[in-house]
Amino acid sequence: MATSYAYVGAPTFIAAVEGRLAEAGFVRAADSASADIVLTYCTSASALEDLYFGDDGLVTSVAPGSVLVDLSATTPNFAREINAVATVNDLVMVEAPVTVRSLVAEDAFACDNLLGPVASEAEIPPAVRALLEALFGEVVEVGAPGRAQLMRNTHTLPLAAALVSAIEATALDDAAARSVGALDADQVPLFSPVSADPVVRAVRQKRFTGDYTAEMLLAELSAALMAADDAEVILPGVEATMHLLELLAVIGGADMAPAALALVYRDEAAGAEAGLDWTRAEQAYGGGHDHDHGDDEDWDAFDDADWNDPADYDGFDYSSN
């Protein structure tokens, strides 16, 4: 008899992986209550908390003995809390946060671009292991609840830093080239190693759409900052990256690929061509924006926003601005 699964969460993810789950012999159930395995993937802390602990939350609504597999980014502490409550309710909880190997891969949720750190208090059932192997190119069991989220952090944070560094190098190159002239094509590999960077290629090719979105990356960084707050560690680089991604989201780029962050460094016309609206930043932060980073006054309203608390990012509805 085929193993059934239900899915609750970001639609782009299940659309990308449903085919290979079917090929692996898994059948999608009509609802969570009738499924053998329930997959969840939320892109905000509040959505995840409501899904598990709200009225008719999963920990109380699914049948005893069911397996819950959470693919969301959250803090190690909250992952342990979900596991503890699930165990009390006679459920098997598996923590398996989606971890992309490349933030700018053309097929972000392709099997070979997904790493699956997995943590659980209980032994992982064979059917669940088979499902995870269908989802992820590599499954890595890391022990007790919370540890998979730690592994996701250590994987994603350097990628996010590299994303911003490559985009800023490209922005500087473009701006300086207007005054001193661009390097010849055959000189670029010699003098600018970053030109071979996949982020730079994505920006040059204007690959600003994709299944893995700026909102998903924001959720990962928010979870990392909340984990850092729990551990009393300050991560200024992560905070700065969140500032930029938050701005991209506010002007309409929440559902765009992370490479679209490059548009924050470009003029209003380039943003408008990609569907962004800088007037939304004026509404959100107040004051005027001419979108030139050379004028510090333009960024006063954004810099004055209270982003010191990582919990301030919690799946804000950018479409309402």
Side-chain angles (χ1 to χ4, degrees), residues 5-22 26 28-32 35 37-54 57-58 62 68-75 78-79 82 93-111 113-118 131-132 134-137 148-149 152-153 155-156 159-160 163 207-224 226 242 245-246 248-250 252-261 313-320:
Y5 75 94
Y7 175 80
V8 183
T12 54
F13 179 76
I14 195 61
V17 304
E18 189 171 14
R20 60 181 187 260
L21 289 178
F26 294 92
R28 190 168 180 179
D31 54 59
S32 301
I37 303 170
V38 179
L39 298 174
T40 59
Y41 182 23
C42 297
T43 55
S44 77
S46 61
L48 183 62
E49 184 172 8
D50 288 345
L51 178 60
Y52 277 85
F53 301 134
L58 290 176
V62 298
L68 301 173
V69 179
D70 184 43
L71 309 172
S72 313
T74 188
T75 66
F78 192 64
I82 294 177
M93 187 71 218
V94 178
E95 168 193 342
V98 170
T99 305
V100 295
R101 292 185 179 278
S102 169
L103 299 177
V104 295
E106 292 190 54
D107 187 357
F109 294 139
C111 192
N113 195 50
L114 293 184
L115 172 66
V118 178
L131 182 144
L132 294 172
L135 288 178
F136 303 119
Q149 295 295 343
R152 176 194 54 74
N153 284 339
H155 181 88
T156 302
L159 293 183
L163 173 82
R207 286 195 275 112
F208 298 148
T209 60
D211 293 335
Y212 183 79
T213 65
E215 183 179 32
M216 292 173 178
L217 180 55
L218 266 171
E220 293 197 50
L221 297 183
S222 176
M226 286 188 283
M242 280 194 66
L245 286 166
E246 180 76 17
L248 174 64
V250 165
D255 293 330
M256 299 179 76
L261 187 60
Y313 173 73
D314 193 21
F316 181 72
D317 182 4
Y318 304 103
S319 63
S320 65

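- For the pair L248 and A260, the tightest heavy-atom approach, listed with the atom from each and the gap, is CD1-O, 3.7 Å.
- Side chains of N113 and D107 form no contact here, defined as non-hydrogen atoms less than 4.5 Å apart.
- Between the CG atom in D255 and the OG1 atom in T209 there is a gap of 11.0 Å [rounded to 0.5 Å].
- Looking at heavy atoms from C-beta onward, L51 lies out of side-chain contact with D70 at the 4.5 angstrom threshold.
- Residues F136 and L71 are in side-chain contact: their nearest non-hydrogen atoms beyond the backbone lie under 4.5 Å apart.
- Counting only heavy atoms from C-beta outward, the side chains of Q149 and F78 never approach each other to under 4.5 Å.
- Panel note: side chain R207, backbone A259; no donor-acceptor pair is recorded below 3.5 Å.
- Between the CD atom in E49 and the SG atom in C42 there is a gap of 11.0 Å [rounded to 0.5 Å].
- Closest approach of A6 to A35, counting heavy atoms only: N-CB, 3.5 Å.
- To the nearest 0.5 Å, the span separating OH on Y52 from CG on L68 amounts to 5.0 Å.
- Closest non-hydrogen pair, S32 versus V62, comes out as O-CG1, 4.0 Å.
- Heavy-atom minimum distance, L114 versus A108: CD2-O, 3.7 Å.
- For the pair G253 and A214, the tightest heavy-atom approach, listed with the atom from each and the gap, is O-CB, 3.7 Å.
- You'll find the side chain of V98 stays beyond 4.5 Å of the side chain of M216, heavy atoms only.
- The distance from atom CG of L103 to atom OG1 of T213, rounded to the nearest 0.5 Å, is 11.0 Å.
- No donor-acceptor pair under 3.5 Å is formed between the side chain of S222 and the backbone N or O of L218.
- With hydrogens and angles disregarded, a donor-acceptor distance shorter than 3.5 Å links the side chain of R20 to the backbone of A134.
- In this structure E95 satisfies the salt bridge (Lys or Arg N to Asp or Glu O under 4.0 Å) test with no other residue, sequence neighbours excluded.
- Put simply, the side chain of F109 does not reach to within 4.5 Å of the side chain of L135, judged on heavy atoms.
- Listed by chain and number, the residues in a side-chain hydrogen bond (donor to acceptor under 3.5 Å, both in side chains) with D31 are S34 (sequence neighbours excluded).
- A donor-acceptor pair is defined here as one N or O able to donate and one able to accept, closer than 3.5 Å; such a pair exists between the side chain of R152 and the backbone of T74.
- Residues satisfying the side-chain hydrogen bond (donor to acceptor under 3.5 Å, both in side chains) test with Y212, not counting sequence neighbours, are E220.
- Qualifying salt bridge (Lys or Arg N to Asp or Glu O under 4.0 Å) partners for E106, counting only residues two or more places apart in sequence or in other chains: none.
- A 4.5 Å side-chain heavy-atom check between L163 and V104 finds at least one atom pair inside the cut-off.
- Note that the CG atom of L131 and the CZ atom of F26 stand 4.5 Å from one another [nearest 0.5 Å].
- Atom OG1 of residue T75 and atom CG of residue L48 lie 9.5 Å apart, to the nearest 0.5 angstrom.
- Closest heavy-atom contact between E18 and Y5: CG-OH, 3.4 Å.
- Contacts of R101 classified as side-chain hydrogen bond (donor to acceptor under 3.5 Å, both in side chains), with partners at least two apart in sequence or in another chain: E138.
- Applying the side-chain hydrogen bond (donor to acceptor under 3.5 Å, both in side chains) criterion to T12, with sequence neighbours excluded, gives no partner residue.
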